[in-house]
Amino acid sequence: MVLLFTAGVTLLKIVEAKVIVCSPGRNFVTLKIITDQGIYGLGDATLNGREKAVVSYLEDYLCPALIGRDPQRIEDIWQFFYRGAYWRGGPVGMTALAAIDVALWDIKAKQAELPLYQLLGGRSRDGIMAYTHATGQDIDSTLDELARAVEQGYKAVRVQCGIPGIASTYGVPKNGKSYEPADADLPHECSWSTEKYLNYIPQLFEAARKQFGDELHLLHDVHHRLTPIEAARLGKEVEPFHLFWLEDCATAENQQSWKLIREHTTTPLAVGEVFNSIHCCRELIQNQLIDYIRSTITHAGGITHMRRIADLAALYHVRTGFHGATDLSPITMGAALHFDYWVPNFGIQEHMPHSEQMEQVFSHHYHFEGGYFTPGEAPGHGVDIDEKLAAKFPYKRACLPVNRLEDGTLWNW
Ligand code: KDG
Ligand code: MG
């Protein structure tokens with residue numbers, strides 16, 4: 001039985017879904033869904049270092065099945081592709097699904113002539129606190145970068161520095177360039193020493209607090225390199241410098257293993273940029289093993305799924321802290337900021353600025369001032385793509401590095 005009550009509603013139909021791949025300084029995959037009324041929506045489908053896998057997933061399987069569908073049925077389309085895959089979940093599938101979901105929310109908000117946050121429930125705050133990165137080869141140069149970030153108005157800064165005796169360290173750029181880790185045609189190998197890192201890093205935070213006082217929020221990303229007991233040690237040792245959070249201090253496939261970290265430290269814990277569904281963080285949240293969930297719209301099934309994660313998190317005092325590195329395109333940043341403006345249990349938003357060239361390809365309405373973002377009032381998520389300009393920057397394969405311990409054992413990068 002099909003009942004249709006459509007009085008007063010303009011029905012839309014999807015007539016085209018195309019994937020745009022470009023590389024204005026780094027690779028981005030964008031999905032454009034076009035309707036018969038001319039309204040279109042954009043979603044980000046970038047999965048750093050595995051871009052073409054998502055392109056194929058979309059072009060070969062999902063885009064053809066979108067044609068003729070009603071774009072207003074966001075939930076039904078989400079369920080269709082999630083359940084309908086049979087092989088559900090995973091980073092490739094959930095990134096593709098997220099791109100569709102965000103593009104459909106963009107269409108719905110444009111049709112309503114409202115900024116996206118209004119459809120989610122309106123804004124819960126005046127501004128969205130964002131953190132940026134300060135990195136240097138050593139403590140002094142890192143503190144100089146921290147001073148620069150403070151001058152730019154940031155109230156929160158992620159601090160990373162080179163470790164004596166380790167040739168290259170996560171997050172630390174070489175030659176003063178901005179940090180883009182997917183920098184080689186095939187993965188290049190870095191080396192890692194947990195001992196050297198653990199012995200050094202507390203000194204960075206001691207120096208930062210000495211110079212900048214207590215008010216500035218300081219964050220740190222371990223990038224999954226420690227075991228739980230090592231993470232517990234680090235959390236304990238940096239307690240006097242009261243970090244805003246310690247991020248990805250260990251891997252979390254075994255969610256229960258975080259109990260060990262939690263039992264030993266009051267340093268707030270954040271994790272989840274590599275998660276792609278609520279099931280990757282359900283036990284972490286329900287057992288209150290974390291304080292911030294880092295999963296974001298583009299890799300965790302879009303606004304539709306991220307809303308479920310945020311609502312679960314709210315029950316357990318866990319707040320959001322969306323991943324916002326440059327490998328998430330301005331479209332994700334735009335959509336994330338609308339979500340952040342609304343979500344009641346908002347924590348913080350990462351901001352790693354895109355280059356001028358990237359922002360020429362992706363124009364946007366979001367705005368940063370005095371440490372806070374606003375998403376803008378344009379209908380939809382407020383980010384557009386200049387397709388002609390994008391075509392001038394062809395895709396170039398770029399892989400993330402891998403890590404080996406000093407004895408040659410492969411480790412987490
Ligand atoms: O593609 C990998 C990056 O997104 C990641 O290294 C950035 O860890 C990151 C962060 O916190 O921004
Ligand atoms: Mg991170």
Side-chain angles (χ1 to χ4, degrees), residues 18-33 40-48 51 54-55 58 95-96 98-107 109-110 115-117 127-133 152 154 178-182 273 294-300 302-303 306 320-341 348-369 372-395 398:
K18 66 171 173 179
V19 181
I20 304 157
V21 183
C22 65
S23 193
R26 68 159 356 280
N27 293 320
F28 291 118
V29 179
T30 304
L31 175 69
K32 183 170 188 173
I33 298 180
Y40 63 87
L42 295 171
D44 175 21
T46 311
L47 185 62
N48 202 9
E51 295 88 356
V54 187
V55 172
L58 281 165
T95 301
I100 292 176
D101 186 76
V102 170
L104 295 179
W105 277 100
D106 193 25
I107 290 172
K110 282 174 176 167
L116 207 160
Y117 74 85
I128 298 153
M129 184 167 74
Y131 72 91
T132 195
H133 298 179
Q152 289 166 350
Y154 289 97
S178 61
Y179 187 63
E180 284 292 352
E273 67 186 34
R294 295 266 298 140
S295 310
T296 191
I297 285 166
T298 189
H299 299 135
I303 290 169
M306 202 50 235
T320 63
F322 283 168
H323 185 202
T326 37
D327 49 283
L328 287 74
S329 95
I331 295 173
T332 290
M333 189 64 182
L337 289 168
H338 282 272
F339 194 101
D340 294 336
Y341 218 24
I348 199 165
Q349 168 70 50
E350 181 177 14
H351 178 229
M352 198 178 161
H354 290 106
S355 70
E356 225 169 88
Q357 198 172 61
M358 293 172 197
E359 298 210 335
Q360 277 161 2
V361 172
F362 296 94
S363 56
H364 60 75
H365 284 82
Y366 53 79
H367 177 71
F368 175 81
E369 205 176 320
Y372 296 88
F373 272 97
T374 43
E377 295 297 318
H381 54 50
V383 186
D384 211 341
I385 184 168
D386 180 336
E387 289 182 63
K388 271 199 190 131
L389 188 58
K392 292 190 178 155
F393 304 106
Y395 169 82

Test item: D106 and I331 side chains (from C-beta on) under 4.5 Å apart, heavy atoms: no
Between SG on residue C22 and CZ on residue F28, distance to nearest 0.5 Å: 7.0 Å
For A378 and G382, which heavy atoms make the closest approach, and how far apart are they? CB-CA, 4.3 Å
Side chains of E359 and H364 only: does a donor on one sit below 3.5 Å from an acceptor on the other? yes
Can you confirm whether N27 sits close enough to V21 that some side-chain heavy atom of one is under 4.5 Å from a side-chain heavy atom of the other? no
Do you know the tightest heavy-atom contact between P379 and A109? CB-O, 4.2 Å
Between the CG atom in D327 and the CG atom in N48, the distance rounded to the nearest 0.5 Å is 4.0 Å
Distance from I348 atom CD1 to I128 atom CD1, nearest 0.5 Å? 12.0 Å
Aromatic plane relationship, H323 with H299 - under 30° parallel, 30 to 60° tilted, over 60° perpendicular: tilted
In terms of heavy-atom contacts, A182 and R26 come closest through CB-NH2, 4.1 Å
Does the side chain to side chain contact (heavy atoms under 4.5 Å, CB included) test come out yes or no for Y40 and D384, once each step is laid out? CA-CA 10 Å; Y40 63 87; D384 211 341; 2.8 Å; yes
All heavy atoms of V361 vs all of A390, minimum pair found to be CG1-CB, 3.8 Å
Any luck finding a side-chain donor-acceptor pair between Q349 and H351 under 3.5 Å? no
Just verifying a value: how many Å separate H367 NE2 and T374 OG1, rounded to the nearest 0.5 Å? 6.0 Å
Whether the side chain of T298 engages the backbone of D44 through a donor-acceptor N/O pair (distance < 3.5 Å, no angle test) should be reported. yes
Looking only at atom types and distance, does a side-chain atom of H354 sit under 3.5 Å from a main-chain N or O of L328, one as donor and one as acceptor? yes
Run the side chain to side chain contact (heavy atoms under 4.5 Å, CB included) test on Q360 and F362 for me, step by step, so that the C-alpha distance in whole Å, both residues' side-chain angles and the decisive distance to 0.1 Å come before the verdict. CA-CA 6 Å; Q360 277 161 2; F362 296 94; over 6 Å; no
In this structure, CG of L337 is separated from OH of Y117 (nearest 0.5 Å) by 12.5 Å
Applying side chain to side chain contact (heavy atoms under 4.5 Å, CB included) to I303 and L116, what does each step give before you reach the verdict? CA-CA 10 Å; I303 290 169; L116 207 160; 3.9 Å; yes
Minimum heavy-atom distance L42-V383, with the two atoms named: CD1-O, 3.4 Å
With distance as the sole test, does T132 use its side chain to make a donor-acceptor pair with the main-chain N or O of M352 at under 3.5 Å? no
Looking only at heavy atoms, which two atoms of A99 and A45 are closest? And how far apart? CB-CB, 3.6 Å
Whether F373 and Y366 hold their rings parallel, tilted or perpendicular, with breakpoints at 30° and 60°: perpendicular
Should E387 and T30 be marked as a side chain to side chain contact (heavy atoms under 4.5 Å, CB included) after you check the CA-CA gap, both sets of side-chain angles, and the distance that decides it? CA-CA 10 Å; E387 289 182 63; T30 304; over 6 Å; no
Over 12 non-hydrogen atoms of neighbours within 6.0 angstrom of NZ in K18: yes
Could you give the distance from CE (M333) to CG (D340), rounded to the nearest 0.5 Å? 7.5 Å
Find out whether H338 and W105 are in side-chain contact, i.e. whether some heavy atom of one side chain is under 4.5 Å from a heavy atom of the other. no
